[in-house]
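Below is one structure, written out as structure tokens; comments come after it.
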Amino acid sequence: TQLVHETHIAENKIECVQCHLQIQHKIQRVNRESELECSTCHKGSHQEQVALFTGQVDGVDASPSPMFVAGLDCAGCHVFHDEAQADELAEAQSCESCHGTGYDRLLDQWQDGARENLGEFRRTVRTVEERTRRATGAQLEVAGPAVEEARRILHVLEIGKPVHNVGFYDQLIRVGY
């Protein structure tokens, strides 16, 4: 937090209330009904990341990330900002600062597994899309909506990234099949 405060407050003269709703040096609880809002500083909606983090995708049983349930917001992990990059990715230190040294290896394993599962799901969706193009009549009426749902889920997964909610990410792949 020292680097974050030095960069934002000392170097860039940003007021505390621009990031903190209440001036408290602790994890801030977020309300599930409220929208996570990072656009004060960062342009772009990050809808897919928020959908995974909050565990809310239309038509799928809700399953929020344990980090969301614990009250973290986006800034809880995305605290290593570099002036050269507007949308900084969270780094392994973000996990290790709360979970301890070595947690980054678990994160790597999750991400590797998720990439492999996503690749297989993507190939399956493409194969079904190709077959659906040849479908007619009743086949198309059944297959068309299912393919659209799989595409929608694939989009959330590709953009949203598994780290935002590994369990829900896996759940979405199962629903997509």
Side-chain angles (χ1 to χ4, degrees), residues 30 32 35-39 41-82 84-135 139-177:
V30 290
R32 287 185 196 206
E35 244 180 82
L36 298 174
E37 186 59 62
C38 299
S39 63
C41 300
H42 304 279
K43 303 305 172 209
S45 63
H46 299 348
Q47 291 173 322
E48 293 81 4
Q49 291 87 348
V50 171
L52 284 173
F53 188 60
T54 61
Q56 296 181 6
V57 171
D58 290 341
V60 179
D61 291 339
S63 182
S65 163
M67 298 296 103
F68 180 76
V69 172
L72 269 70
D73 62 6
C74 302
C77 299
H78 294 267
V79 294
F80 299 96
H81 291 79
D82 182 328
Q85 296 178 329
D87 294 315
E88 182 66 51
L89 297 175
E91 297 178 11
Q93 302 103 302
S94 298
C95 301
E96 290 185 342
S97 66
C98 295
H99 295 281
T101 303
Y103 201 81
D104 61 327
R105 290 189 301 270
L106 181 58
L107 175 65
D108 288 341
Q109 290 174 353
W110 284 343
Q111 290 180 319
D112 290 345
R115 272 191 292 274
E116 188 175 314
N117 292 341
L118 180 61
E120 182 63 35
F121 181 58
R122 185 184 299 115
R123 286 187 292 278
T124 301
V125 170
R126 300 296 182 243
T127 299
V128 173
E129 283 176 327
E130 191 60 39
R131 291 180 182 171
T132 302
R133 286 189 194 100
R134 296 184 293 247
Q139 288 177 327
L140 186 56
E141 285 181 35
V142 172
V147 169
E148 285 303 314
E149 178 68 0
R151 278 189 199 128
R152 183 177 71 90
I153 289 173
L154 180 61
H155 174 77
V156 170
L157 296 171
E158 288 178 327
I159 305 299
K161 307 291 185 253
V163 69
H164 292 104
N165 190 342
V166 175
F168 192 55
Y169 193 90
D170 289 341
Q171 179 183 334
L172 285 173
I173 288 178
R174 288 190 302 275
V175 168
Y177 278 115

Side chain to side chain contact (heavy atoms under 4.5 Å, CB included) assessment of V57 paired with L52: CA-CA 8 Å; V57 171; L52 284 173; 5.6 Å; no

Please report the C-alpha distance between D112 and R115 in whole Å, then the side-chain angles of each, then the deciding distance to 0.1 Å, and finally whether the salt bridge (charged side-chain N to carboxylate O under 4.0 Å, His left out) criterion is met. CA-CA 5 Å; D112 290 345; R115 272 191 292 274; 2.6 Å; yes

Distance in Å, D104 CG paired with E96 CD, rounded so as to fall on 0.5 Å steps: 4.0 Å

Please identify each residue that fulfils ring-ring contact (aromatic ring centres under 6.0 Å, His included) with H155, with sequence neighbours left out. none

CD of E129 to OG1 of T124: how many Å apart, nearest 0.5 Å? 11.0 Å

Find the distance between NE2 (H164) and OG1 (T54) and round it off to the nearest 0.5 Å. 11.0 Å

Nearest 0.5 Å, please: how far is OG in S65 from CD in Q49? 13.0 Å

Separation between CG of L157 and CZ of R122, rounded to the nearest 0.5 Å: 9.5 Å

E48 and E158: CA distance, side-chain angles, deciding distance, side chain to side chain contact (heavy atoms under 4.5 Å, CB included) verdict: CA-CA 9 Å; E48 293 81 4; E158 288 178 327; over 6 Å; no

Are there over 12 heavy-atom neighbours, none belonging to E130, within less than 6.0 Å of that residue's CD? yes

Heavy-atom closest pair (N165 atom, S63 atom, distance to 0.1 Å) is ND2-O, 2.7 Å

Determine whether R126 and L154 satisfy the following criterion, side chain to side chain contact (heavy atoms under 4.5 Å, CB included), listing intermediate values before the conclusion. CA-CA 10 Å; R126 300 296 182 243; L154 180 61; 3.6 Å; yes

Measuring from atom CD of Q109 to atom CD of Q111, what distance do you get when rounded to the nearest 0.5 angstrom? 11.0 Å

What side-chain donor-acceptor pairs closer than 3.5 Å can you find for residues 168-177, not counting sequence neighbours?
residue	atom	partner	partner atom	Å
Q171	NE2	D61	O	2.9
Y177	OH	F121	N	3.4

Go through R152 and D58 one step at a time and tell me if the side chain to side chain contact (heavy atoms under 4.5 Å, CB included) criterion holds. CA-CA 10 Å; R152 183 177 71 90; D58 290 341; 4.0 Å; yes

Over 12 foreign heavy atoms within 6.0 Å of CZ, R105: no

